[in-house]
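Notes follow once the structure below has been shown.
Bear in mind that the values here come from a model prediction, so they are computed numbers and not experimental data.
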Amino acid sequence: MAKNKSKSGMGAIKRFVGNKNTVTILGFAACVLTLIIGYNIRVKDAISPTSLPVAKDTIPSRTLITNELVGRINIASTYVNEASNVVRNVKDVVGKYVSHKTTIPKGGLFYKDQLSEANEMPDAAFANIEDGQTIYSLAVDKETTFANSIRAGDYIDLYMSAKDFNNDNLVIYGCLISSIRVLAVKDSKGNNIVKNTLAYGEPAELLFAVDDEMFDLLRETEWVQGDIVLSPVIYNKNYTASANETEVGSEQLQQFIKNQVRDFS
């Protein structure tokens with residue numbers, strides 16, 4: 001008797017499962033359940049906050065970002081997912097610099113295009129000037145920079161030409177200083193003309209570092225009787241990759257400059 005009841009129950013289940021209407025209802029219920037679960041997951045992800053680094057106070061351009069300048073704030077995940085440029089981790093902010101001409105306001109998030117590495121900052125090379133060196137600014141223009149082709153990192157020789165008024169106005173010409181690494185090229189407003197970018201100004205000055213003795217010599221060329229013209233000569237990339245140490249060239253040129261310096265005593 002028990003066996004008959006068992007067989008009868010199994011048969012009823014098979015008939016229930018095999019019924020087309022039952023299959024349709026179960027499938028519909030499964031779809032609804034899946035949609036509900038998926039919707040709940042999406043809503044939870046959207047409203048669950050994500051912790052992001054934020055500026056505790058206004059951070060000016062060119063500022064090194066330290067731990068003391070960075071706080072945390074909770075932002076809805078939906079915004080974070082849409083803002084692909086936002087920085088999510090404090091470790092990706094600390095140690096970076098606020099980019100040139102950018103200010104991060106108090107409470108502001110950090111974005112990737114607002115941050116720079118130290119070596120990417122304008123004038124970054126100035127921070128590595130050795131003891132006993134001084135930065136010299138050489139006045140230039142588009143013509144003397146070979147159609148604005150000299151950039152930071154290039155090596156130049158500095159040639160000198162002048163008239164010797166004490167020797168029948170003979171023209172003196174030669175290499176005064178060789179193998180100088182250019183630190184920056186700036187326009188008349190002090191803006192950097194950066195390598196591999198479009199220049200937004202005419203070149204007005206080349207900046208480079210030389211030993212103090214060489215710096216004094218260059219300054220003396222500005223005080224001599226009569227004009228002394230200093231002209232940069234650029235080298236190709238192969239020379240730049242294997243450039244020698246900076247050194248003063250002809251002793252005759254040096255002595256000529258010293259002899260021409262006015263006596264203001």
[X] side chain vs [Y] backbone, donor-acceptor pair below 3.5 Å:
X: Asp211; Y: Glu213; result: no
X: Asp154; Y: Arg151; result: yes
X: Arg181; Y: Tyr155; result: no
X: Asp141; Y: Glu143; result: yes

Closest approach of [X] to [Y] (non-hydrogen atoms, all atoms of both residues):
X: Pro53; Y: Val93; answer: CG-CG2, 4.1 Å
X: Ser188; Y: Ala204; answer: N-CB, 3.5 Å
X: Val185; Y: Pro203; answer: CG1-CB, 4.1 Å
X: Ile193; Y: Glu202; answer: CD1-C, 4.1 Å

Practice task
Determine, stepwise, if the pair Val233 / Ser231 fulfils side chain to side chain contact (heavy atoms under 4.5 Å, CB included).
Solution key: CA-CA 7 Å; Val233 175; Ser231 305; 5.6 Å; no

Practice task
Evaluate the ring planes of Phe215 and Tyr136, with Trp represented by its six-membered ring, and classify them as parallel (under 30°), tilted (30 to 60°) or perpendicular (over 60°).
Solution key: perpendicular

So [Y] and [X], do their side chains get closer than 4.5 Å, heavy atoms only?
X: Leu138; Y: Phe208; result: yes
X: Ile65; Y: Phe110; result: yes
X: Ile180; Y: Leu206; result: no
X: Leu217; Y: Val210; result: no
X: Ile73; Y: Leu109; result: yes
X: Val70; Y: Val54; result: no
X: Val86; Y: Ile75; result: no
X: Val182; Y: Ile156; result: yes

Problem - Heavy atoms of other groups near Lys56 NZ, more than 12 under 6.0 Å - result: yes

Problem - Chi angles and distances behind the side chain to side chain contact (heavy atoms under 4.5 Å, CB included) call for Ile104, Leu115 - result: CA-CA 10 Å; Ile104 300 177; Leu115 307 177; 4.3 Å; yes

Problem - Exercise: do Ser116 and Ser99 side chains pair donor with acceptor under 3.5 Å - result: yes

Practice task
Decide whether Thr145 and Asn148 meet the rule of one side-chain donor and one side-chain acceptor closer than 3.5 Å.
Solution key: no

When hydrophobic residues are tied together by side-chain contacts of less than 4.5 Å, even through go-betweens, does [X] share a cluster with [Y]?
X: Leu230; Y: Phe146; result: yes
X: Tyr97; Y: Val90; result: no
X: Leu52; Y: Tyr111; result: yes
X: Leu69; Y: Val94; result: yes

Practice task
Would you check, one step at a time, whether the test side chain to side chain contact (heavy atoms under 4.5 Å, CB included) holds for Asn74 with Thr50?
Solution key: CA-CA 5 Å; Asn74 290 327; Thr50 298; over 6 Å; no

Starting at [atom1] of [X], measure out to [atom2] of [Y] and round the result to the nearest 0.5 Å.
X: Leu207; Y: Lys186; atom1: CG; atom2: NZ; answer: 6.0 Å
X: Ser179; Y: Leu158; atom1: OG; atom2: CG; answer: 12.0 Å
X: Glu205; Y: Asp187; atom1: CD; atom2: CG; answer: 8.5 Å
X: Arg88; Y: Ser51; atom1: CZ; atom2: OG; answer: 12.0 Å
X: Lys91; Y: Asn67; atom1: NZ; atom2: CG; answer: 13.5 Å
X: Asn85; Y: Lys112; atom1: CG; atom2: NZ; answer: 6.5 Å

Practice task
Any chance you could lay out the side-chain hydrogen bond (donor to acceptor under 3.5 Å, both in side chains) test for Gln114 and Thr102, step after step, and finish with the verdict?
Solution key: CA-CA 7 Å; Gln114 295 178 321; Thr102 297; over 6 Å; no

